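This report concerns only the one structure given below.
Residue numbers run from 1 in the order of the sequence given. Every number for a ligand or one of its atoms is a count from 1 in the order of the listing. Here the structure is a predicted model, which means the values were calculated and not measured.
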Amino acid sequence: MVDERHFRRLVEAMVELFGMPAAHRMLGAAGARTADYVRRNRIPSLARGVLRLLPDRWSRPLLLRAIQRHAWTFVGSGRMKHRRDRISIDGCLTCTGFTSEHPTGAFYQAAFESLLTHLVDPRLRVEETRCVARGDDACVFRIRRGDDPPYPTTSQA
Ligand SMILES: [Zn+2]
């Protein structure tokens with residue numbers, strides 16, 4: 001387990017050294033790899049198998065509840081909430097205190113999408129549609145099937 005202050009300093013250093021777009025790409029790759037680690041080492045194989053067999057309407061809420069129970073391990077002092085089609089984080093570690101034209105929660109977006117596509121439905125996509133770095137009141141990650149029309153990324157999202 002890494003102290004959230006160290007993770008936060010790492011994110012700040014990445015943004016300072018490489019700029020926001022490159023840091024965003026690296027954090028997205030890190031989020032996907034973190035999800036791979038969690039999936040392989042923290043979710044029992046029986047649970048992985050059951051989630052994959054169940055239809056989306058049952059497996060998605062089960063997985064989202066499990067993610068919620070372990071939120072303290074990845075959002076630190078932030079607060080995560082979820083509904084079927086969205087995950088929100090207040091006090092997101094990669095976004096709070098930054099100013100950006102684009103959402104900066106690539107780490108979380110990639111981690112959530114990796115878990116959902118591997119354990120629930122490979123067509124699911126996650127997109128951060130609201131972000132405190134852009135001036136929104138919280139970071140919101142919308143969950144949709146890839147063949148659905150995209151969600152708007154304005155503040156009405
Ligand atoms: Zn954000």
Worksheet item: Among all residues two or more places apart in sequence or in another chain, which pass the side chain to side chain contact (heavy atoms under 4.5 Å, CB included) test with Phe18?
Response: Met14, Ala22, Met26
Discussion item. With a 3.5 Å distance limit and no angle check, can you tell me whether His118 reaches the backbone of Ser114 through a side-chain donor-acceptor pair?
Written reply: yes
Worksheet item: Listed by chain and number, what are the salt bridge (charged side-chain N to carboxylate O under 4.0 Å, His left out) partners of Arg9, not counting sequence neighbours?
Response: none
Worksheet item: Can you name the salt bridge (charged side-chain N to carboxylate O under 4.0 Å, His left out) partners of Arg25, sequence neighbours left out?
Response: none
Worksheet item: Hey, which protein N/O/S atoms does the Zn ion (ligand 1) have under 2.8 Å?
Response: Cys95 SG, Glu128 OE2, Cys131 SG, Cys139 SG
Item to complete: Give a yes or no on whether Arg39 atom CZ has more than 12 heavy-atom contacts from other residues, nucleotides or ligands under 6.0 Å away.
Response: yes
Worksheet item: Do Glu113 and Arg125 have side-chain heavy atoms sitting under 4.5 Å apart?
Response: yes
